[in-house]
**Q** 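Pasting in a structure now, in structure tokens, and then I'll have a few things to ask.
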Protein chains: 2
Amino acid sequence: MATRSTRKLVSRLSNDDRTADIMAAARAVISAKGYENTLLSDIARQAGVVEGTIYRYFANKRDLLVKVVEVWFGEQLAIDSHLESISGTQNKLRYIAWRTLDIIRREPVLARFMLMELRPDPNYRSTAFFEMNRRFTHEVLALCRDAAERGEFLNDVSPNMLRDMLHGCIEHRTWAFLRGEGDFDIDEVADGIARVIYRGMFAQQVATRSDIGMAIARLEELAARLERKLDGG
Amino acid sequence: MATRSTRKLVSRLSNDDRTADIMAAARAVISAKGYENTLLSDIARQAGVVEGTIYRYFANKRDLLVKVVEVWFGEQLAIDSHLESISGTQNKLRYIAWRTLDIIRREPVLARFMLMELRPDPNYRSTAFFEMNRRFTHEVLALCRDAAERGEFLNDVSPNMLRDMLHGCIEHRTWAFLRGEGDFDIDEVADGIARVIYRGMFAQQVATRSDIGMAIARLEELAARLERKLDGG
DNA sequence: GGCTACTAATGAAGCCGATTCATTAGCGAA
DNA sequence: TTCGCTAATGAATCGGCTTCATTAGTAGCC
């Protein structure tokens, strides 16, 4: 097809090198132009190859972008040992929310891709991404479950619901941020979420009728003793 | 271009009639095949017109589908007078959440369109859809604000945050439903959301065990003082 | 150092939708 | 009945992704 004279090949690299090149190019393009505006031809140009070459390494455009975002997301998850050093369930909740919001603030394009492309995928649950995300959100589940077992939290709302409230609220806020509305005060948001969930689930040690009954009994006992003294004196 | 012999025109209708035909066809196709699988040619065939005709009435495919969803969403908002008859802030919250979940359950494809196409739109805030959605979510805002003013709710988390928690959680659950996971128990979800938010914000005027303990300590102190007087006297 | 086999890289062609626009035909007004 | 307007047409275009027969680096062998 192509004439001999126009053909020029770039150097032949190992599979790994070429894959890395293309993914780096894709990452650069996607983060510069946003997901919907990313063309395969842009990626190819940036990587210094031709569009067809990409299909030797990736099944299709979406496959490429998913792999890029998986790596990206994995990097975010890696930095993650601070949680244990925080004490108190409410503080832990606040930190988890804050950290998630912070990732979103730093990498809005990534966040958008997650929300738009990965989560709606019908077989999301069998993707590598799901597994990573599961580990990520597992913290909230474990935290709430522990609190319930220790008696700190009530038992009447499932930890899954609480996790969804936390992440759902974060995502809802994220959309406003991604559209460029307002100033995205992540401290305020994280604090509000943690506060409402914690207070909403806290198994408050309120006084019961029997507590009050005991108090009355004690007062009656004291009064009786005084009375005896007065009578006797 | 076209030869005289092959050309056949459908009857010419008023603009409104033809617009309605196309929108009805679009709605049928999108709800049968899902948004990503909806082709303009499907819609045209269903409407009994040719693809090009659609461009006389709508700027492009997206414009058509947005208008379809706007009308649909408007219908949902119309049925909406039950809320006032419900008493109690928590019950109202539960009803609002339940009703939203119910709309989603009945029209999952359109719900998906809202979440995927309308909300991410950069000029979402200037769309008719935003205005409708504002009225829709305004109920939650008003409810929480009123409760705060009456002293039923605490003042330390903004009503906007609470609204986002409610809708965020609903949306998060919706994705799982749209992917066909689990059974989408909307009663449980609505109840959980309302419960956590209500309890989390309720300005609880109850006595705690420590309050009663302090009271008892104070009484014992008084009793001791009396006793000393009697003993000394 | 030349030859061969292997396969990475090429890029033109194919394909599949949305979108455009010159042409045609229905319809109401004069 | 004719005329003018414009709704409807559908072939052509366009803009992406994807395929695949062809070309050319490269490593291994003698």
Side-chain angles (χ1 to χ4, degrees), chain A residues 1-26 29-30 32-69 113 116-117 121, chain B residues 1-26 29-30 32-69 113 116-117 121:
Chain A
M1 306 261 171
T3 64
R4 161 172 301 203
S5 61
T6 57
R7 208 159 264 218
K8 231 187 290 180
L9 264 63
V10 302
S11 67
R12 298 174 76 158
L13 300 176
S14 74
N15 273 13
D16 282 358
D17 287 350
R18 183 61 81 220
T19 302
D21 277 0
I22 293 170
M23 287 178 73
V29 173
I30 197 179
K33 311 186 84 173
Y35 177 69
E36 8 278 353
N37 303 320
T38 294
L39 304 184
L40 209 63
S41 53
D42 290 332
I43 296 172
R45 195 176 322 111
Q46 175 84 21
V49 298
V50 117
E51 295 176 50
T53 301
I54 293 173
Y55 286 84
R56 177 161 301 280
Y57 298 95
F58 301 94
N60 50 43
K61 181 186 174 185
R62 187 171 193 281
D63 175 53
L64 163 60
L65 297 182
V66 165
K67 292 211 167 89
V68 166
V69 175
F113 186 84
M116 292 277 299
E117 290 300 314
D121 192 329
Chain B
M1 305 265 172
T3 64
R4 162 172 300 205
S5 60
T6 56
R7 205 153 268 218
K8 228 186 294 182
L9 265 63
V10 303
S11 67
R12 299 174 74 159
L13 300 175
S14 74
N15 273 13
D16 283 357
D17 287 349
R18 183 61 80 219
T19 303
D21 276 0
I22 293 169
M23 286 179 73
V29 174
I30 195 179
K33 313 186 84 172
Y35 176 69
E36 8 276 353
N37 304 319
T38 293
L39 305 184
L40 210 62
S41 52
D42 291 332
I43 296 172
R45 196 177 321 109
Q46 175 84 20
V49 297
V50 118
E51 295 175 50
T53 301
I54 293 173
Y55 286 84
R56 176 161 301 281
Y57 298 95
F58 302 93
N60 50 43
K61 182 185 173 186
R62 186 172 192 282
D63 176 52
L64 163 59
L65 297 181
V66 165
K67 292 211 166 89
V68 166
V69 176
F113 185 84
M116 291 279 299
E117 292 298 316
D121 192 329

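Letters A, B, ... are given to chains in the order of the sequence lines, protein chains preceding strands, and every chain is numbered from 1.
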**Q** Got a second to check how far A/I54's CD1 is from A/T19's OG1, nearest 0.5 Å?
**A**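 That separation rounds to 11.0 Å.
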
**Q** Counting only side-chain nitrogens and oxygens, does B/R18 get under 4.0 Å of the OP1 or OP2 atom of D/dA7?
**A**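 So the side-chain polar atoms of B/R18 never come under 4.0 Å of the phosphate oxygens OP1 or OP2 of D/dA7.
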
**Q** Using atom CG of A/D21 as one end and atom P of C/dA8 as the other, report the distance to the nearest whole Å.
**A**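 About 15 Å, once rounded to whole Å.
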
**Q** Below 4.0 angstrom, which residues in residues 60-69 of chain A have at least one non-hydrogen atom near DNA chain D?
**A**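 Heavy-atom contacts with DNA chain D come from A/N60, A/K61.
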
**Q** Can you list everything that forms a side chain to side chain contact (heavy atoms under 4.5 Å, CB included) with A/D21? Sequence neighbours excluded, please.
**A**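 Expected list: A/L13, A/R18.
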
**Q** Using a 4.0 Å heavy-atom cut-off across all strands, classify A/L39 as base, sugar-phosphate, or nothing.
**A**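 Touches sugar-phosphate only.
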
**Q** Apply salt bridge (charged side-chain N to carboxylate O under 4.0 Å, His left out) to A/K67 and list each qualifying residue two or more places apart in sequence or on a separate chain.
**A**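 Once residues adjacent in sequence are excluded, the partners of A/K67 under the salt bridge (charged side-chain N to carboxylate O under 4.0 Å, His left out) criterion are A/D63.
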
**Q** Can you name the side chain to side chain contact (heavy atoms under 4.5 Å, CB included) partners of A/D121, sequence neighbours left out?
**A**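 Here the qualifying residues are A/R62, A/N123, A/Y124.
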
**Q** How long is the line joining CG of B/L40 and C1' of D/dC14, in whole Å?
**A**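 In whole Å, D/dC14 C1' and B/L40 CG are 15 Å from each other.
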
**Q** CG/A/D17 to CD1/A/I22 distance, rounded to the nearest 0.5 angstrom?
**A**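 CD1 of A/I22 is found 11.0 Å from CG of A/D17.
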
**Q** For residues 46-58 of chain B, which residue pairs pass the side chain to side chain donor-acceptor pair (under 3.5 Å) check, not counting sequence neighbours?
**A**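 The answer is none; no pair qualifies.
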
**Q** Rounded to whole angstroms, how far apart are CZ on B/R45 and P on D/dT9?
**A**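 Those two atoms, CZ and P, are 14 Å apart.
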
**Q** Tell me the interatomic distance from B/I22, atom CD1, to D/dT9, atom C1', rounded to whole angstroms.
**A**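 Answer to the nearest Å: 13 Å.
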
**Q** Under the side-chain contact (heavy atoms from CB on, under 4.5 Å) rule, what do A/L64 and A/M23 come out as? Steps first, then yes or no, please.
**A** CA-CA 7 Å; A/L64 163 60; A/M23 287 178 73; 4.1 Å; yes

**Q** Can you pull out the residues from residues 51-59 of chain A that lie within a 4.0 Å heavy-atom distance of DNA chain C?
**A**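 Going residue by residue through residues 51-59 of chain A, the ones with a heavy atom under 4.0 Å of DNA chain C turn out to be A/G52, A/T53, A/R56, A/Y57.
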
**Q** Nearest 0.5 Å, please: how far is CD1 in A/I30 from CG in A/N37?
**A**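 A/N37 atom CG to A/I30 atom CD1 measures 10.5 Å (nearest 0.5 Å).
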
**Q** May I have the distance from A/D17 (atom CG) to C/dA8 (atom P), rounded to whole angstrom?
**A**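 In whole Å, C/dA8 P lies 13 Å from A/D17 CG.
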
